[in-house]
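Here is the structure we will look at, set down as structure tokens.
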Amino acid sequence: ERRRRSMDAHLRARLKDKKRIVIKIGSSSLQHPETGDLDYIRMEVLVRELCDLRNQGKDVVLVSSGAIAAGRKAVHIKDINREHGERHIAVKQACAAIGQARLMMTYQKLFAEYNQVTAQILMTKNTIVDNLNRYNAHNTFTELLRMGVIPIVNENDTIATYEIEIGDNDTLSAVVAALIDADLLILLSDIDGLYTDDPRKNDRAQFIHTVEHIDEKLMEMGKKSTGSNVGTGGMNTKLVAARIATGIGADMVIAGSEDIRIIHRIMDGRNLGTFFCADKNERFDLIDFIEHYND
Ligand code: GLU
């Protein structure tokens, strides 16, 4: 136990030196559960944390969900599937178009308070799978980061349907990390990390502090269910993200979004959330992985 703790401390200490960080936040972390409206205080804290990372000279990318949730709210739809039956895909895509603009408006306002320039990048599976698209996306990210801009990324939900969607922002954030060769991915979630079982159902579920190697047994543990009724990510998608991130040689942390200031505490090397060690696999092929992972 003592050895384990000293090893954890050693691994965590390297977070201080990270240079290129992707941070993902989910829909349920951005809105008030009672009303579904945006939680401005949390967004403000998030923005301040990210600007502070920029001030330390680090490259920062934000992957933010919440477009569909914000759009739905704007046009007063409670349940897209129930209220719109066979039109539900078009309605969802319309909501994404409305909500993405709203979301960006709010982010830009908040980032502007710190003189931080932001950019919007919307992606689909094709952005990765198509060589020319991937090449362009890579160059754009690289240029934005060189300019000191914080790119804000989401799936292009307005045009993406089943065939060309990545499907969830956990995976998307890992794909972005791979595309820009990030050295750290942080997933902020409504659950504070990885457990041996679903802690909402099993009170003997144990918290896992560190994952050195992702094996099939661990993937099995990832439950397909998600605790919230917004967003799409459960533990399973987080483990898929972990496989991508660690496979390309980045560390990853899953942590609770209850207090967004957890970002600088993680960067300080504190033992928060679940830490997945970079486990670079030279044979890991992102494009192949993306093309086949939900077959
Ligand atoms: N892209 C979706 C949105 O912005 C969310 C997907 C997810 O949360 O995984 O509404």
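Counting starts at 1 for both ligands and their atoms, following the listed order.
- Scanning both residues, V75 and C95, for their nearest heavy atoms gives CG2-SG, 4.2 Å.
- Of the N or O atoms in G167, none lie within a sub-3.5 Å distance of an N or O in ligand 1.
- Checked against salt bridge (Lys or Arg N to Asp or Glu O under 4.0 Å), R2 has no partners two or more places apart in sequence or in another chain.
- Distances between N or O atoms of S65 and those of ligand 1 include at least one value under 3.5 Å.
- Between N169 and ligand 1, at least one pair of N/O atoms sits closer than 3.5 Å.
- Within the 4.0 Å heavy-atom cutoff, G66 counts among the residues contacting ligand 1.
- Ion pairing between a basic and an acidic side chain is recognised when a charged N comes within 4.0 Å of a carboxylate O; R4 and D8 show such pairing.
- Atom numbering of ligand 1 starts at 1 in the shown order; those under 4.0 Å from a heavy atom of I68 are 3 (C), 10 (O).
- Note on ring orientation: taking the six-membered ring where Trp is involved, the planes of F284 and F289 are tilted (angle from 30° to 60°).
- Between D157 and ligand 1, a contact under 3.5 Å exists for at least one N or O pair.
- Set against the non-hydrogen atoms of D168, the atoms of ligand 1 under 4.0 Å away are 9 (O).
- D59 meets the side-chain hydrogen bond (donor to acceptor under 3.5 Å, both in side chains) test with R20; sequence neighbours excluded.
- By the 30° and 60° cut-offs, the orientation of the rings of Y107 relative to F111 is tilted.
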